[in-house]
Amino acid sequence: MPPLDSLAPARRRLALGGIGLVAAAVVAVAIVLVVRRESPVEPVAQDRPGPVLLVPGYGGSTASLQVLADALSAQGRDARIVRPRGSGTQDLRDQAAGLRDEVEAALAETGAPSVDLVGYSAGGVVVRVYVAELGGGSHVRRAVTLASPQHGTDLASLAGSLGDTVCPEACQQLDPDSDLLRRLNAEDETPAGPAWVALWTEDDATVVPPDSGSLDGALDLSLQDLCPGLVVGHPDVPRSPAVIAIVEAVLGTDEPTQPDSSVCGAG
């Protein structure tokens, strides 16, 4: 672009006007981001459980969560599997907006003061986006993530190198170096509001490395630390009897704590 002084007066005014509009747009976006990040959070009561919303992983399949939903229902909880809008491979922020809508609908329907969220695999990242950026901290009592690539997975990096067809937007956002994950992990990994629990398995071949499922500030649980010798791969996490027993325990009314070894013999 030539220096402004070299332009005719009319073109110089047009150029300056364009620069001003761009600057205003940048400032507006920055303000929106700051407001989203710094909106006040009013934590909910921990002794009043509401519905449990189960958030599926990449691709949106709900089948893997049915066993867990049935177990929670048998315990008297109102357990609901969130059916994603779209393919389940689109922008995780769009999926978080869908989760926000589901939370608001559940609260309006039941009159409950809050919900509990259980996010499996990429669903755990969706939960964190909702709490961090969409006001979820004032509506969520417990946030439990199961084998979630909170710091990305090397498989997404590999898939990303093969192009958008192989690795759609949600896949790209699960790359350890993605903008979304850098932003989520740059500050507090467990945004204010809910009590956080992160459960992961050392046998995970989908979330690589497996301890990507760990969250600083959460009750952080390696399944094998609790149950040495137990083998649970990524697809079996939400239907493992031990995992189900752990989820039931941490969704109680007491402060979440590491369960004892009795969960290892569950089922």
Side-chain angles (χ1 to χ4, degrees), residues 49 51-84 88-89 92 95-96 98-99 102-103 106 115-131 140-150 153 155 170 174 194-208 210-215 218-227 230-252 256 258-259 262-267:
V52 184
L53 274 60
L54 309 178
V55 185
Y58 183 80
S61 173
T62 60
S64 60
L65 291 171
Q66 192 61 58
V67 175
L68 177 56
D70 291 344
L72 291 170
S73 296
Q75 293 288 322
R77 298 298 301 269
D78 178 354
R80 308 171 178 214
I81 300 176
V82 175
R83 303 194 178 277
T89 62
L92 296 176
Q95 297 184 48
L99 174 58
E102 294 291 334
V103 169
V115 299
D116 292 341
L117 297 181
V118 179
Y120 166 54
S121 193
V125 181
V126 172
V127 167
R128 203 151 60 111
V129 173
Y130 165 57
V131 175
V140 181
R141 187 187 73 106
R142 302 279 162 91
V144 181
T145 67
L146 305 178
S148 296
Q150 302 289 7
T153 171
L155 295 189
L174 297 176
W196 289 86
V197 179
L199 176 65
W200 49 280
T201 173
E202 294 173 7
D203 301 316
D204 206 321
T206 299
V207 177
V208 182
D211 63 0
S212 177
S214 174
L215 274 177
L219 172 61
D220 196 64
L221 304 173
S222 160
L223 188 56
Q224 283 70 31
D225 282 347
L226 288 174
C227 307
L230 188 65
V231 178
V232 179
H234 187 85
D236 296 322
V237 166
R239 48 182 174 247
S240 161
V243 171
I244 292 171
I246 293 168
V247 172
E248 291 173 344
V250 300
L251 291 184
Q258 179 169 310
S262 64
V263 298
C264 303

**Q** Could you give all pairs that pass the side-chain hydrogen bond (donor to acceptor under 3.5 Å, both in side chains) test and reach residues 236-250, with sequence neighbours left out?
**A** D236-R239

**Q** Look up atom CD in Q95 and atom OH in Y130, then write down how far apart they are to the nearest 0.5 Å.
**A** 15.5 Å

**Q** Check the pair V207, H234 against side-chain contact (heavy atoms from CB on, under 4.5 Å), reporting the backbone distance first and the verdict last.
**A** CA-CA 8 Å; V207 177; H234 187 85; 3.6 Å; yes

**Q** What verdict does the side-chain contact (heavy atoms from CB on, under 4.5 Å) test give for V243 and L146, after you've listed the backbone C-alpha separation in whole Å, the side-chain angles of each residue and the deciding distance to 0.1 Å?
**A** CA-CA 9 Å; V243 171; L146 305 178; 4.2 Å; yes

**Q** Do W200 and D220 make a side-chain contact, defined as non-hydrogen atoms from C-beta onward lying under 4.5 Å apart?
**A** yes

**Q** Quick check: does any side chain N or O of R77 sit under 3.5 Å from a backbone N or O of L251, one acting as donor and the other as acceptor?
**A** yes

**Q** Is there side-chain contact between V140 and D116, with heavy atoms separated by less than 4.5 Å?
**A** no

**Q** Cut-off 3.5 Å, side chains only: do E202 and S222 have a donor facing an acceptor?
**A** yes

**Q** Between A143 and V127, what is the shortest heavy-atom contact and its length?
**A** CB-CG1, 4.1 Å

**Q** Using every non-hydrogen atom in the two residues, find where L199 and L223 come nearest and quote the distance to one decimal.
**A** CD1-N, 4.2 Å

**Q** For the backbone of S214 and the side chain of D211, can you confirm whether one donor and one acceptor N or O come within less than 3.5 Å of each other?
**A** no

**Q** Pairs in or reaching into residues 67-76: which pass side-chain hydrogen bond (donor to acceptor under 3.5 Å, both in side chains), with residues at least two apart or in two chains?
**A** Q66-D70

**Q** How far does CG of L72 sit from CZ of R80, to the nearest 0.5 angstrom?
**A** 13.0 Å

**Q** Check whether R142 reaches the backbone of V250 with its side chain - one donor and one acceptor, N or O, closer than 3.5 Å.
**A** yes

**Q** Show the numbers, then the answer: is there a side-chain contact (heavy atoms from CB on, under 4.5 Å) between V118 and L53?
**A** CA-CA 6 Å; V118 179; L53 274 60; over 6 Å; no

**Q** Is there a donor-acceptor contact under 3.5 Å linking the side chains of Q224 and D203?
**A** yes

**Q** Mind listing the closest non-hydrogen atom pair of P256 and V197 along with its distance?
**A** CB-CG2, 3.9 Å

**Q** For G213 versus A198, what's the shortest heavy-atom pair and its separation?
**A** O-CB, 3.5 Å

**Q** Looking only at atom types and distance, does a side-chain atom of S121 sit under 3.5 Å from a main-chain N or O of G57, one as donor and one as acceptor?
**A** no

**Q** Under 3.5 Å, is there a donor-acceptor pair between the side chain of T201 and the main chain of V232?
**A** yes

**Q** When rounded to the nearest 0.5 angstrom, what distance separates CG in L215 from OG1 in T145?
**A** 5.0 Å

**Q** Nearest 0.5 angstrom please: Y120 OH to I81 CD1, how far?
**A** 12.5 Å

**Q** Please report the closest heavy-atom contact between P259 and L226, naming both atoms and the distance.
**A** O-CD2, 3.6 Å

**Q** So, applying side-chain contact (heavy atoms from CB on, under 4.5 Å) with V126, which one of L117, V82, L92 is it?
**A** L92

**Q** Nearest 0.5 Å, please: how far is OG1 in T89 from OH in Y58?
**A** 5.0 Å

**Q** Which pair of non-hydrogen atoms, one from P238 and one from S64, has the smallest distance, and what is that distance?
**A** CG-O, 3.5 Å

**Q** What distance do I246 atom CD1 and C227 atom SG have between them, rounded to the nearest 0.5 Å?
**A** 5.5 Å

**Q** Donor-acceptor pair, distance only, cut-off 3.5 Å: does the side chain of T153 make one with the backbone of T206?
**A** yes

